[in-house]
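What follows is one structure encoded as structure tokens, with my remarks underneath.
What you see below is based on every heavy atom in this structure, not just the backbone, and it leaves out hydrogens, waters and symmetry mates. Numbering of residues begins at 1 and proceeds along the displayed sequence.
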Amino acid sequence: MKKLLAIALCAGFAGNALAADKPLIFSTDGTYPPFSEMGSDGQMTGFDIDIGKALCEQMKRECRFEPIDWEGLIPALQTKKIDVILASMNDTPERRESIAFTDPYYSNPGLFVRAEGSKIEPTPEGVKGKVVGVLRASIFDNYVTAKFPDANIQRYTSQEEANQDALAGRVDLLFADKIVMEDGFLQRDEGKGFEIAGETNDPEYFGAGISIGVRKDDNALREELNAALKAIKENGAYKKVNDKYFKYDISGGTAK
């Protein structure tokens with residue numbers, strides 16, 4: 001994203017993670033509805049944003065949100081441009097080599113989507129020579145690269161771009177987070193004419209669940225976030241956010 005937009009999440013100064021007199025900088029890519037997207041008013045909205053607000057309120061920390069392209073999230077965290085990745089990111093062994101993760105805050109399989117009537121199957125034989133659209137550097141990218149060696153894999157900087165190419169007929173099969181595909185595409189007007197082709201939750205690629213990322217040496221912040229996450233699940237704040245976006249509980253049910 002060309003321009004960073006800072007959004008105040010909540011006020012207050014407390015906590016022992018990082019300097020208490022500095023706001024915590026959260027980040028996501030802002031192109032992953034219903035978890036994060038830019039609203040018509042130019043501000044970010046979505047499940048991840050509201051969970052961030054609830055966590056900051058619970059921790060009594062001043063926080064702000066800065067959207068960054070997906071590929072730049074981990075580098076931005078490592079170079080201390082941001083403090084927290086709250087971006088529907090799966091906790092995988094590969095990513096744990098670079099950063100640390102909190103407990104999962106939700107879990108979700110990957111979903112394959114195709115045009116109605118195309119009959120394309122998400123198998124190595126079914127996608128041979130077909131165009132598969134994925135978010136670049138995501139677990140979905142890793143999965144299709146390993147599993148579909150004969151597919152024409154198109155990698156995008158945002159899920160919205162992949163969806164638009166599918167609408168234009170330039171992508172034969174989309175593969176992304178199930179909730180993003182259902183709530184952010186199939187159930188919207190632009191998703192009419194598309195259908196589910198299959199799903200997977202292969203632990204080799206989907207890891208331990210969708211978690212919040214912090215630097216490896218920020219153990220105090222990780223513990224503070226874990227405590228806040230536990231608290232908002234117990235006091236109803238998490239459910240309030242969940243019910244705003246979904247008709248079912250995603251906290252420990254059935255990625256990126």
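If you check the side chains of Asn90 and Thr92, you find no donor sitting under 3.5 Å from an acceptor. Checked by atom type, the side-chain pair Gln154/Asn152 shows a donor-acceptor distance below 3.5 Å.
The minimum heavy-atom distance between Met44 and Gly30, with the atom names listed, is CE-CA, 3.7 Å. Considering all non-hydrogen atoms of both residues, Thr28 and Asp48 come closest at OG1-OD2, 4.5 Å. The heavy-atom pair separating Gly117 from Glu195 by the smallest distance is N-OE2, 3.6 Å. Taking both residues in full, the closest heavy atoms of Ala176 and Met181 are given as CB-CG, 3.9 Å, listed atom of the first, atom of the second, then distance.
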> Should Tyr156 and Val134 be marked as a side chain to side chain contact (heavy atoms under 4.5 Å, CB included) after you check the CA-CA gap, both sets of side-chain angles, and the distance that decides it?
Replying inline: CA-CA 6 Å; Tyr156 296 87; Val134 293; over 6 Å; no

>> Go through it in stages, so that I can follow the logic: the residues are Glu62 and Lys22, the test is salt bridge (Lys or Arg N to Asp or Glu O under 4.0 Å), and I'd like the CA-CA distance, side-chain angles, deciding distance and then a yes or no.
In response: CA-CA 7 Å; Glu62 181 185 2; Lys22 289 186 177 182; over 6 Å; no

>> Using the rule given for side chain to side chain contact (heavy atoms under 4.5 Å, CB included), can you reason through Val144 versus Leu173, listing the C-alpha separation, both sets of side-chain angles and the distance that settles it, and then say yes or no?
In response: CA-CA 11 Å; Val144 298; Leu173 191 70; over 6 Å; no

>> Set out, in order, the CA-CA distance, both residues' side-chain angles and the distance that settles salt bridge (Lys or Arg N to Asp or Glu O under 4.0 Å) for Lys192 and Glu116, then state yes or no.
In response: CA-CA 9 Å; Lys192 292 178 179 178; Glu116 290 180 351; over 6 Å; no

>> For Asp69 and Glu71: C-alpha separation, side-chain torsions, deciding distance, then whether side chain to side chain contact (heavy atoms under 4.5 Å, CB included) applies.
In response: CA-CA 6 Å; Asp69 284 344; Glu71 293 175 272; 5.6 Å; no

>> Working note: Tyr238 + Ser251, criterion side chain to side chain contact (heavy atoms under 4.5 Å, CB included); need CA distance, chi angles, decisive distance, verdict.
In response: CA-CA 9 Å; Tyr238 184 102; Ser251 62; 3.5 Å; yes

>> Between Asp177 and Gln159, is the side-chain hydrogen bond (donor to acceptor under 3.5 Å, both in side chains) condition met? List the steps.
In response: CA-CA 10 Å; Asp177 178 289; Gln159 190 60 44; over 6 Å; no

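Aromatic ring centres of Phe246 and Tyr106 lie farther apart than the 6.0 Å criterion allows.
The OG atom of Ser36 sits 13.0 Å away from the CD1 atom of Ile51 when rounded to the nearest 0.5 Å.
Ion pairing between Glu57 and Lys53 fails under the 4.0 Å rule for side-chain N and carboxylate O. Ion pairing between a basic and an acidic side chain is recognised when a charged N comes within 4.0 Å of a carboxylate O; Arg170 and Asp165 show such pairing. The residues Arg114 and Glu121 are annotated as salt-bridged, a charged nitrogen and a carboxylate oxygen being separated by less than 4.0 angstrom. Residues Asp141 and Arg155 are paired through a salt bridge, judged by an N-O separation under 4.0 Å between the basic side chain and the carboxylate. The residues Arg64 and Glu66 are annotated as salt-bridged, a charged nitrogen and a carboxylate oxygen being separated by less than 4.0 angstrom. With salt bridges taken as basic N to acidic carboxylate O contacts below 4.0 Å, none links Lys240 and Asp243.
Connection of Ile49 to Val180 is established within a shared hydrophobic cluster, with ILVMFWY side chains joined at heavy-atom distances below 4.5 Å, either directly or through further cluster members. When hydrophobic clusters are built by joining Ile, Leu, Val, Met, Phe, Trp and Tyr residues whose side-chain heavy atoms come closer than 4.5 Å, directly or via intermediates, Tyr205 is not grouped with Val113. When the side chains of ILVMFWY residues are joined at heavy-atom separations under 4.5 Å, either directly or via intervening members, Tyr32 and Ile212 end up in a single hydrophobic cluster. Connection of Ile210 to Leu111 is not established within any shared hydrophobic cluster, with ILVMFWY side chains joined at heavy-atom distances below 4.5 Å, either directly or through further cluster members.
The side-chain heavy atoms of Phe101 and Val214, taken from C-beta on, include no pair separated by under 4.5 Å.
Side chain of Asp172 to main chain of Val131: a donor-acceptor pair is present (N/O by atom type, distance under 3.5 Å, no hydrogens or angles). Although no hydrogens or angles enter the test, the distance criterion places no donor-acceptor pair under 3.5 Å between the side chain of Asp50 and the main chain of Thr45. In terms of modelled atom types and a separation under 3.5 Å, the side chain of Tyr245 and the main chain of Gly46 share a donor-acceptor contact. With hydrogens and angles disregarded, no donor-acceptor distance shorter than 3.5 Å links the side chain of Arg96 to the backbone of Asp91. Checking side-chain atoms of Lys239 against main-chain N and O of Asp249 turns up no donor-acceptor pair under 3.5 Å. Of the possible donor and acceptor atoms, none in the side chain of Glu182 sits under 3.5 Å from a partner among the backbone N and O of Ile179.
Around atom CD of Gln187, more than 12 heavy atoms belonging to other residues, nucleotides or ligands sit under 6.0 Å away.
Ring geometry, Phe65 versus Phe26: the interplanar angle falls from 30° to 60°, so the pair is classed tilted. Note: Phe175 and Tyr143 have tilted aromatic rings, judged against thresholds of 30 and 60 degrees for the angle between ring planes.
Contacts classified as ring-ring contact (aromatic ring centres under 6.0 Å, His included) and involving residues 178-202 (residues at least two apart or in different chains) are given here: Phe185-Phe194.
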